[in-house]
Amino acid sequence: MQSKRGRLDRFLSVALHINRKHVRLLLAQGRVIVNGDPAKDIALPINEFSHIVCDGQVLQCISPIYVMLHKPTGVVSATKDDKHTCVVDLLDDQLKKQVHLVGRLDLNTSGLLLLTNDSRWSEALMLPEAKVTKEYWVTLANPLTSEYVKAFAEGMYFDYEGITTKPAELEIVGSHRAKVTLREGRYHQIKRMFGRFRNPVVELHRHQIGSLTLDPRLQPGQSRRLTQQELQALDVPFAHSS
């Protein structure tokens, strides 16, 4: 049985098929170990990563997983698709059953994509209040001018949603190439913003989320676990920091 955030007594009652009265007895007798320590409080907060043992029987032992993946173009940011390869298909069979996507990249967009089994972490990364920036390399069909920089910094109004995009940073790094930093992630946002100039996006690649940069050693389709240092640098709650 896997627990989400909740109380120890509720978890034990369901996992062991006993009532709350018996749960109190188990705790009083020191027969329940949570994260290496005898549990005494029936209302002890637990989550899906709490290590729970009763009478030597492991009731829950799940480790948090944090993965960076170099998404290739032509791969769908989904767990299932009838027409295209999904990003989870790029993972080994055991891992793909455990993780979910943190955000998404369009079919023809490549670059840094995160996956995890820690819902609190993924939710925190996606919250607007977290102000986690996302940095992209963009190649355009037509030359760029300083007008683009001003327009991106001011934000753009889109009639369909009735919203104005938050200020975005655009740095011109070549005649047809730019670095764009967003503080939000609206539907096809970068392509639509360049569309205002009737300048089609030829290539779009996300290489950074917050402080986390795509590992240059990862080839398209390859992935690896995040390090403890990388998780801490992102500055959002994660299981090991609980």
Side-chain angles (χ1 to χ4, degrees), residues 2 4 48 62 64-128 130 132-142 156 158-163 165 168 176-210 212-226:
Q2 179 177 339
K4 294 297 183 182
E48 61 265 50
I62 302 170
I65 299 168
Y66 309 95
V67 174
M68 73 157 61
L69 181 142
H70 186 166
K71 177 192 172 299
T73 57
V75 174
V76 177
S77 294
T79 55
K80 185 178 181 180
D81 189 272
D82 294 332
K83 297 181 179 179
H84 300 93
T85 300
C86 298
V87 291
V88 294
D89 295 327
L90 304 174
L91 306 173
D92 65 62
D93 289 340
Q94 187 61 33
L95 186 58
K96 72 170 65 174
K97 297 174 183 177
Q98 301 180 63
V99 297
H100 61 265
L101 280 66
V102 184
R104 63 186 299 276
L105 290 174
D106 297 332
L107 177 67
N108 293 316
T109 300
S110 63
L112 176 58
L113 190 64
L114 300 175
L115 302 101
T116 187
N117 62 350
D118 185 347
S119 57
R120 185 179 68 153
W121 184 72
S122 57
E123 288 165 7
L125 269 176
M126 298 296 289
L127 283 174
V132 177
T133 59
K134 299 176 181 66
E135 197 167 284
Y136 299 79
W137 293 106
V138 192
T139 302
L140 288 308
N142 304 315
M156 296 182 187
F158 289 117
D159 291 329
Y160 183 74
E161 297 96 337
I163 55 94
T165 62
H176 294 69
R177 190 165 167 79
K179 181 174 73 173
V180 174
T181 304
L182 299 181
R183 287 170 176 79
E184 58 186 340
R186 299 191 178 276
Y187 180 69
H188 290 315
Q189 182 173 344
I190 290 179
K191 294 177 181 178
R192 293 168 72 193
M193 292 178 81
F194 281 109
R196 285 292 174 86
F197 294 89
R198 293 182 173 79
N199 196 349
V201 171
V202 177
E203 292 180 359
L204 184 58
H205 178 86
R206 182 166 70 190
H207 79 105
Q208 190 165 328
I209 298 175
L212 183 64
T213 302
L214 178 63
D215 190 332
R217 295 169 296 182
L218 291 179
Q219 296 301 309
Q222 292 183 334
S223 61
R224 69 162 172 82
R225 303 288 183 102
L226 297 185

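Quick note: residue numbers are just sequence positions, from 1.
Taking Arg198 as the reference, nothing meets the side chain to side chain donor-acceptor pair (under 3.5 Å) condition, with sequence neighbours excluded.
Counting only distance, with no hydrogens or angles, the side chain of Lys71 and the backbone of Leu107 share a donor-acceptor pair below 3.5 Å. The main-chain N or O of Leu218 is found under 3.5 Å from a side-chain atom of His70 such that the two form a donor-acceptor pair.
A distance of 9.5 Å separates CD of Glu184 from NZ of Lys134, quoted to the nearest 0.5 Å. Distance check: Leu114 CG to Leu226 CG gives 6.0 Å after rounding to the nearest 0.5 Å. Here the CG atom belonging to Leu105 is positioned 11.0 Å from the OG1 atom belonging to Thr73, to the nearest 0.5 angstrom.
Contact of the Leu214 side chain with the His205 side chain is registered, since non-hydrogen atoms from C-beta on lie closer than 4.5 Å. Residues Leu204 and His188 have side chains not in contact (no heavy-atom distance under 4.5 Å, counting atoms from C-beta outward). The side-chain heavy atoms of Val88 and Leu115, taken from C-beta on, include a pair separated by under 4.5 Å. Side-chain contact between Lys96 and Thr79 is absent, with no heavy atoms from C-beta onward closer than 4.5 Å.
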Output, in order, the C-alpha distance, side-chain angles, deciding distance and verdict of side chain to side chain contact (heavy atoms under 4.5 Å, CB included) for Lys191 and Asp106.
-> CA-CA 11 Å; Lys191 294 177 181 178; Asp106 297 332; 4.3 Å; yes

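Taking a cutoff of 4.0 Å between a charged side-chain nitrogen and a carboxylate oxygen, Lys80 and Asp82 do not qualify as a salt bridge.
Counted by atom type alone, His207 and Glu135 present one or more donor-acceptor pairs between their side chains at under 3.5 Å.
Stacking of Arg186 on the aromatic ring of Phe158 is not recorded, the 6.0 Å distance cut-off and the 45° axial limit not both being met.
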